[in-house]
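To start, the structure itself, in structure tokens.
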Amino acid sequence: MRPWPTNEQRRLLGKPFIRALLPLAERRGISSSELFRGTSLSEQKLQINNFRLTDHEMLLLLASAEEKINDPHLWQLVVETLFSDRLNPLIDLTVHAKTLKQALIHLSRFQSLLQPFLFTPTQRFENYLQLDFIPVEGLSGKMNQLCYSANCKIGVAILLMLGRARGLAINQWHVALPDDISPLPTWKKWVKKVSSRPICGLSIPAEQLQEHSPERNLAQYHQALSFCQMQHQTQAQASVMLSVFKWLDYQLETGHDASLTELAAEVGISLSSCKRLLASHGYSFQQIYDLVRLHKLLNLLQKHPYSNVELAQKLGYSNPNNFRRACKRWLGIVPDELRQQHAALSISNPTI
């Protein structure tokens, strides 16, 4: 039986990630002490904590590596090491799940055991399943942008490696990245379609969701599931953040108002605890609500070229001008320009 370490504290499993990252950094001339410089991390501190990282420490490590290791292949190589060396039980769980659909359900439920990204609730568009990433923030200034960039690249790399490990035709997948994030070189060989989009995401052909893994190992699957379930019991906070996103999305969908007080009551914590929860992920209530609205806006335009009045109503704005200003604040462009971008994308990629 593989001796994966159990995690008795509410910490991300930093050890597998560090075991993959540090040797790659050192081969590129970046020592661990240089990688940790300017952060609250140190090798001595990590050894004391058995190389476990808090959420904030993981974000710092991602940002530092993104800034200091000048290698566009880095995050793909880190993820390939996680897969090839089976450094985390979630890898085995997703690779040996019966179908890709089951693997994605596991990845959504246990994702905080691997890295600090969150999937939004999946959306179905015609023959494709859309998976988007909620940006996990919490740092400031340049470090926050570096962390976000690294996090998007790792998230996409994990999904692409999962598809390859399961023998799927990932050349049919579609990667979408914000303008300031460049696709990794390997992706250009694997994926035919990489486009620009304000929120990082992947589109997967729906027909692949039910394809069985050709090399499924049932014993490894059940062992990995047991480890993930044990570790997940101490990882409640990330699950709560996903619940926050889903609740706000539901409020918009049903036309109900949402407030921080109502959110705290829904999650079952005090108002001050709710504020701290959001702040620990780099958000105020208004910021996370705006992110949910942005996510919904992009999905609405993917379904139909709604008018500004229709979009404003669906996003909870009584005044279309308020929606227009919000769109400008989120994306730097007004709704009409965004609609034109989506129309151009639909023409150039008619199957998506």
Side-chain angles (χ1 to χ4, degrees), residues 10-47 49 51-82 87-88 111-119 132-159 177-185 187 198-201 235 237-238 241 276-284 287-288 291:
R10 202 211 66 73
R11 291 172 180 266
L12 288 168
L13 290 178
K15 190 169 186 176
F17 202 89
I18 292 174
R19 284 178 60 189
L21 175 61
L22 291 189
L24 290 168
E26 289 173 358
R27 287 201 290 271
R28 285 151 183 77
I30 305 296
S31 65
S32 57
S33 59
E34 185 175 352
L35 191 61
F36 298 150
R37 189 177 300 133
T39 75
S40 60
L41 297 169
S42 69
E43 194 153 0
Q44 181 181 12
K45 181 179 178 181
L46 289 176
Q47 288 174 348
N49 290 333
F51 286 84
R52 294 171 181 160
L53 301 178
T54 64
D55 292 357
H56 186 72
E57 289 167 342
M58 176 66 94
L59 298 179
L60 285 171
L61 180 60
L62 292 178
S64 180
E66 177 75 3
E67 180 180 37
K68 296 173 182 175
I69 303 175
N70 186 25
D71 185 347
H73 300 275
L74 174 66
W75 298 120
Q76 182 63 42
L77 292 174
V78 167
V79 171
E80 288 180 11
T81 302
L82 288 171
L87 295 180
N88 188 293
Q111 58 192 285
S112 61
L113 301 180
L114 194 54
Q115 68 149 135
F117 70 80
L118 293 173
F119 287 130
D132 293 330
F133 300 113
I134 305 174
V136 178
E137 303 182 352
L139 305 181
S140 59
K142 180 183 178 182
M143 293 295 279
N144 193 64
Q145 181 56 41
L146 289 167
C147 172
Y148 175 58
S149 178
N151 209 22
C152 287
K153 294 171 185 176
I154 296 166
V156 173
I158 286 173
L159 287 167
L177 299 170
D179 288 333
D180 55 353
I181 298 179
S182 300
L184 302 187
W187 301 353
I199 291 180
C200 179
Q235 298 285 338
Q237 189 165 350
M241 278 299 293
R276 286 195 296 271
L277 169 67
L278 297 178
S280 70
H281 285 78
Y283 295 108
S284 65
Q287 287 172 325
I288 192 68
L291 181 61

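FYI, side chains are in, hydrogens and waters are out, and symmetry mates aren't considered; it's all heavy atoms of this structure. Keep in mind it's a predicted model, so treat the numbers as computed, not measured.
- If you take CG on L146 and CG on L59, they are separated by 12.0 Å, rounding to the nearest 0.5 Å.
- For the pair H73 and P185, the tightest heavy-atom approach, listed with the atom from each and the gap, is CE1-CB, 3.5 Å.
- Remark: L74 CG to I154 CD1 distance equals 8.0 Å, nearest 0.5 Å.
- Here CZ of R28 is found 4.5 Å from CG of D71. Values are rounded to the nearest 0.5 Å.
- Annotation for P178 and P198: closest pair CG-O, 3.6 Å, computed over non-hydrogen atoms.
- A donor-acceptor distance shorter than 3.5 angstrom exists from the side chain of K68 to the backbone of R37, with no hydrogens or angles considered.
- For D180, the CG atom counts as densely surrounded, since its 6.0 Å shell holds more than 12 non-hydrogen atoms of other residues, nucleotides or ligands.
- For S182 against L177, the heavy-atom pair with the smallest separation is C-CD1, 4.1 Å.
- Taken to the nearest 0.5 Å, the CG atom of N88 stands 10.5 Å off from the CZ atom of R19.
- Atom CD1 of I158 sits about 10.0 Å away from atom CD of Q76, to the nearest 0.5 Å.
- Contact detail for C200 and V156: the closest heavy-atom pair is SG-CG2, 3.6 Å.
- A donor-acceptor pair is defined here as one N or O able to donate and one able to accept, closer than 3.5 Å; no such pair exists between the side chain of S149 and the backbone of Q145.
- In terms of heavy-atom proximity, L35 sits nearest to L21 at CD2-CD2, 4.0 Å.
- Contact annotation: the side chain of L62 never approaches that of Y148 to less than 4.5 Å [non-hydrogen atoms, C-beta and beyond].
- Of all heavy-atom pairs between W75 and E66, the closest is NE1-OE1, 2.7 Å.
- The distance from the CZ atom of F17 to the CG atom of L87 is 11.0 Å, given to the nearest 0.5 Å.
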